[in-house]
J.: 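What follows is a single structure, and I will ask about it in a moment.
Whatever order the structure lists ligands and atoms in, that order sets their numbers, starting from 1. All values reported here derive from a predicted model rather than from experimental measurement.
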Amino acid sequence: MSIELRGAGILGTGSYTPEKILTNFDFEKFVDTTDEWIVTRTGIRQRHIAEEGMAASDLACNAATRALESAGIGAEKIDLIICATITGDMPFPSTSCILQNRIGAVGAGAFDLQAGCSGWVYALTVATQFIKTGIYNHILVVGVDVLSRLTDFTDRSTCVLFGDGAGAAVLGPVAKGEGVLATCLGADGSGAELLKVEAGGSRLPASEETVKNRRHYIKMEGREVYKFAVKIMVEASIKALGECSLTPEDVDLFIPHQANERIIDAARDRLKIPAEKVFKNVANYGNTSAASIPIALDEAHRSGRIKAGDVVVAVGFGAGLTWASAALKWVVPAK
Ligand code: ACO
């Protein structure tokens with residue numbers, strides 16, 4: 001059976017980061033680090049941190065509302081909500097269900113998806129299939145993480161890297177050959193140990209011992225993740241572009257996961273994409289995990305960095321290990 005596929009594209013974008021900011025100088029006061037070290041090794045200057053009591057769904061709700069406004073679509077028109085997160089409000093119910101109720105997306109299906117920092121591009125890929133096949137018309141794709149809740153603020157090798165935020169997009173049908181042209185997903189579970197929070201699940205449920213030994217915090221082999229990130233961002237970008245017969249030379253805007261400026265620059269260098277075609281905001285937000293790419297996309301869209309017809313490539317990597325890339329021909333969503 002062959003199915004006549006439609007085009008699927010982004011109709012609107014939105015993002016939200018909490019007001020509270022921690023600068024590198026703030027970190028100098030409680031861990032053995034310097035602004036100079038953080039800026040040279042990562043490019044990060046500040047990150048936004050959720051106030052106490054604020055959860056993933058609070059951030060997601062703000063980003064989603066902005067994306068719906070930008071798309072000019074009421075929440076009741078949303079058929080499905082996919083929320084990419086590793087820091088949902090609680091183990092269950094899903095953050096997507098909480099969000100569905102908050103925004104009034106009555107009748108929409110809702111589920112969370114976990115793929116670390118690659119999560120939003122994974123979610124975009126899933127949503128694209130439903131739109132292309134005509135099963136759904138409007139899907140809200142959210143990336144949200146509140147990594148400050150999993151951050152060990154006594155571990156200088158990780159605590160300076162992360163920030164909190166949310167980004168969202170509304171997907172809908174567009175002309176064939178526009179919108180999402182190709183996506184590429186990947187995973188290598190042999191690298192699961194390189195980046196993890198080991199306690200709090202079914203293997204090591206929360207106990208006095210796990211709390212005392214700080215096992216509910218992020219542990220990372222930074223150097224190994226770095227090497228993997230550069231290699232996979234290049235490969236995944238080329239793969240998604242290749243699927244639609246494009247090359248890095250055709251790219252108008254490259255939107256990489258914002259984890260570390262050195263990783264972005266190394267990948268850009270290998271892809272031979274000119275610096276002015278690369279979107280970077282890691283200095284302002286740090287690594288916001290699943291929110292990083294949709295926040296960048298929203299900023300690029302609202303600031304006019306993306307024009308109709310532009311070829312945009314988004315690529316992420318993260319815990320799992322996972323990676324995901326998407327090549328898009330930008331349609332003109334409202335702002
Ligand atoms: N301030 C000062 N010194 C520090 C700090 C800090 N904040 N952190 C580490 N150091 C020290 C280390 O202790 C080490 O000291 P030593 O040589 O005396 O042992 C030295 O700096 C070098 O440490 P490295 O870890 O080798 O530094 P590197 O240049 O690799 O940078 C970094 C570390 C920034 C973590 C880098 O490896 C990186 O960015 N890796 C990728 C991380 C990443 O992208 N993770 C996100 C994955 S996405 C997700 O799913 C969440």
J.: Any idea which atoms of ligand 1 are less than 4.0 Å away from a heavy-atom of Arg262?
T.: 29 (O)
J.: Within 4.0 Å of atom 29 (O) of ligand 1 (strictly less), any protein heavy atom?
T.: yes
J.: Counting only non-hydrogen atoms of the protein, does one fall under 4.0 Å from atom 10 (N) of ligand 1?
T.: yes
J.: If we only count N/O pairs under 3.5 Å, is Gly222 in contact with ligand 1?
T.: yes
J.: Report yes or no: do Ser118 and His257 form a side-chain donor-acceptor pair below 3.5 Å?
T.: no
J.: Got a donor-acceptor contact below 3.5 angstrom from the Thr95 side chain to the Asp89 backbone?
T.: yes
J.: So, do Trp37 and Glu28 sit near enough that their side-chain heavy atoms are less than 4.5 Å apart?
T.: no
J.: Looking at Glu178 and Gly9, would you say the former's side chain and the latter's main chain have a donor-acceptor pair under 3.5 Å?
T.: no
J.: Heavy atoms only, cut-off 4.0 Å: how does Val31 contact ligand 1, side chain, backbone, both, or neither?
T.: neither
J.: Of the protein's non-hydrogen atoms, which lies at the shortest distance from atom 49 (C) of ligand 1, and what is that distance?
T.: Cys117 SG, 2.5 Å
J.: Might you check, step by step, whether the distance between atom 1 (N) of ligand 1 and some protein heavy atom is under 4.0 Å?
T.: yes
J.: For Ser70 and Thr13, indicate whether the former's side chain and the latter's backbone hold a donor-acceptor pair under 3.5 Å.
T.: yes
J.: Relative to ligand 1, is Trp37 under 4.0 angstrom through side chain, backbone, both or neither, heavy atoms considered?
T.: side chain
J.: So which protein heavy atom does atom 25 (O) of ligand 1 come closest to, and at what separation?
T.: Arg223 CG, 4.4 Å
J.: Looking only at N/O atoms, are Val160 and ligand 1 under 3.5 Å apart anywhere?
T.: no
J.: Could you see which bit of Ile263 sits under 4.0 Å from ligand 1, with heavy atoms only: side chain, backbone, both or neither?
T.: side chain
J.: Output yes when the distance from some N or O of ligand 1 to some N or O of His257 is under 3.5 Å, and no in every other case.
T.: no
J.: Does Asp252 reach the main-chain N or O of Val311 with its side chain, forming a donor-acceptor pair under 3.5 Å?
T.: yes
J.: Say whether Tyr217 and Glu198, considering side chains only, have a donor N or O and an acceptor N or O under 3.5 Å apart.
T.: no
J.: Nearest protein heavy atom to atom 43 (C) of ligand 1, by residue and atom, and its distance?
T.: Val225 CG1, 3.8 Å
J.: Using heavy atoms and a 4.0 Å limit, tell me yes or no: is Ala229 in contact with ligand 1?
T.: no
J.: Does the protein place any heavy atom closer than 4.0 Å to atom 5 (C) of ligand 1?
T.: yes
J.: Taking side chain as C-beta onward, heavy atoms only, is Lys20 less than 4.5 Å from Asp164?
T.: no
J.: Between the side chain of Asn62 and the main-chain N/O of Tyr16, is any donor-acceptor distance below 3.5 Å?
T.: no
J.: Return yes when Asp32 approaches ligand 1 closer than 4.0 angstrom through a heavy atom, no otherwise.
T.: yes
J.: Return the residue, atom name and 0.1 Å-rounded distance of the protein heavy atom closest to atom 13 (O) of ligand 1.
T.: Arg156 NH2, 3.0 Å
J.: With heavy atoms only and a cut-off of under 4.0 Å, state how Ala259 meets ligand 1: side chain, backbone, both or neither.
T.: side chain
J.: Do Phe111 and Val126 make a side-chain contact, defined as non-hydrogen atoms from C-beta onward lying under 4.5 Å apart?
T.: yes
J.: Report the nearest protein non-hydrogen atom to atom 47 (C) of ligand 1: residue, atom name, distance rounded to 0.1 Å.
T.: Leu195 CD2, 3.3 Å
J.: Using distance alone, determine whether Asn260 and ligand 1 share an N or O pair under 3.5 Å.
T.: yes
J.: Please check: side-chain N/O of Gln114 versus main-chain N/O of Ile86, any donor-acceptor pairing under 3.5 Å?
T.: no
J.: Going by atom types alone, do Asn260 and Thr42 pair a side-chain donor with an acceptor below 3.5 Å?
T.: no
J.: May I ask you to check whether Thr34 has an N/O atom sitting below 3.5 Å from an N/O atom of ligand 1?
T.: no
J.: Can you pull out the closest protein heavy atom to atom 45 (N) of ligand 1? Residue, atom name and distance to 0.1 Å, please.
T.: Met220 SD, 3.2 Å
J.: Indicate yes or no for a side-chain donor-acceptor contact from Thr322 to the backbone of Ala115 under 3.5 Å, with no hydrogens or angles considered.
T.: yes
J.: When you measure from the side chain of Arg47 to the backbone of Val160, do you find a donor-acceptor pair of N or O atoms at a distance under 3.5 Å?
T.: yes
J.: Need the ligand 1 atom indices (1-based, order shown) with element for anything under 4.0 Å from a heavy-atom of Asn287.
T.: 46 (C), 48 (S)
J.: For the backbone of Asn281 and the side chain of Asn284, can you confirm whether one donor and one acceptor N or O come within less than 3.5 Å of each other?
T.: no
J.: Protein heavy-atom contact under 4.0 Å for atom 32 (C) of ligand 1?
T.: no
J.: So, Arg215 side chain and Ala199 main chain: donor-acceptor pair closer than 3.5 Å or not?
T.: no
J.: How far is atom 35 (C) of ligand 1 from the closest protein heavy atom, and which atom is that?
T.: Leu161 CD1, 3.9 Å
J.: Using a 4.0 Å heavy-atom cut-off, say whether Ile218 meets ligand 1 through its side chain, its backbone, both or neither.
T.: neither
J.: For Ala319, take its heavy atoms, then give the atoms of ligand 1 lying under 4.0 Å from any of them.
T.: 49 (C), 50 (O)
J.: In the complex you have, is atom 19 (O) of ligand 1 within reach of the protein, judged by whether a heavy-atom distance drops under 4.0 Å?
T.: no
J.: So is Thr42 polar-close to ligand 1, meaning N/O to N/O under 3.5 Å?
T.: no
J.: Please list, in number order, the atoms of ligand 1 under 4.0 Å from a heavy atom of Arg41.
T.: 22 (C), 27 (O), 28 (P), 29 (O)
J.: Given side chains that start at C-beta, do those of Phe228 and Phe317 come closer than 4.5 Å, heavy atoms only?
T.: yes
J.: Just checking Arg6: does its CZ atom have more than 12 heavy atoms from other residues, nucleotides or ligands closer to it than 6.0 angstrom?
T.: yes
J.: Give the atoms of ligand 1, by number and element, whose distance to some non-hydrogen atom of Phe317 is under 4.0 Å.
T.: 44 (O), 47 (C), 48 (S)
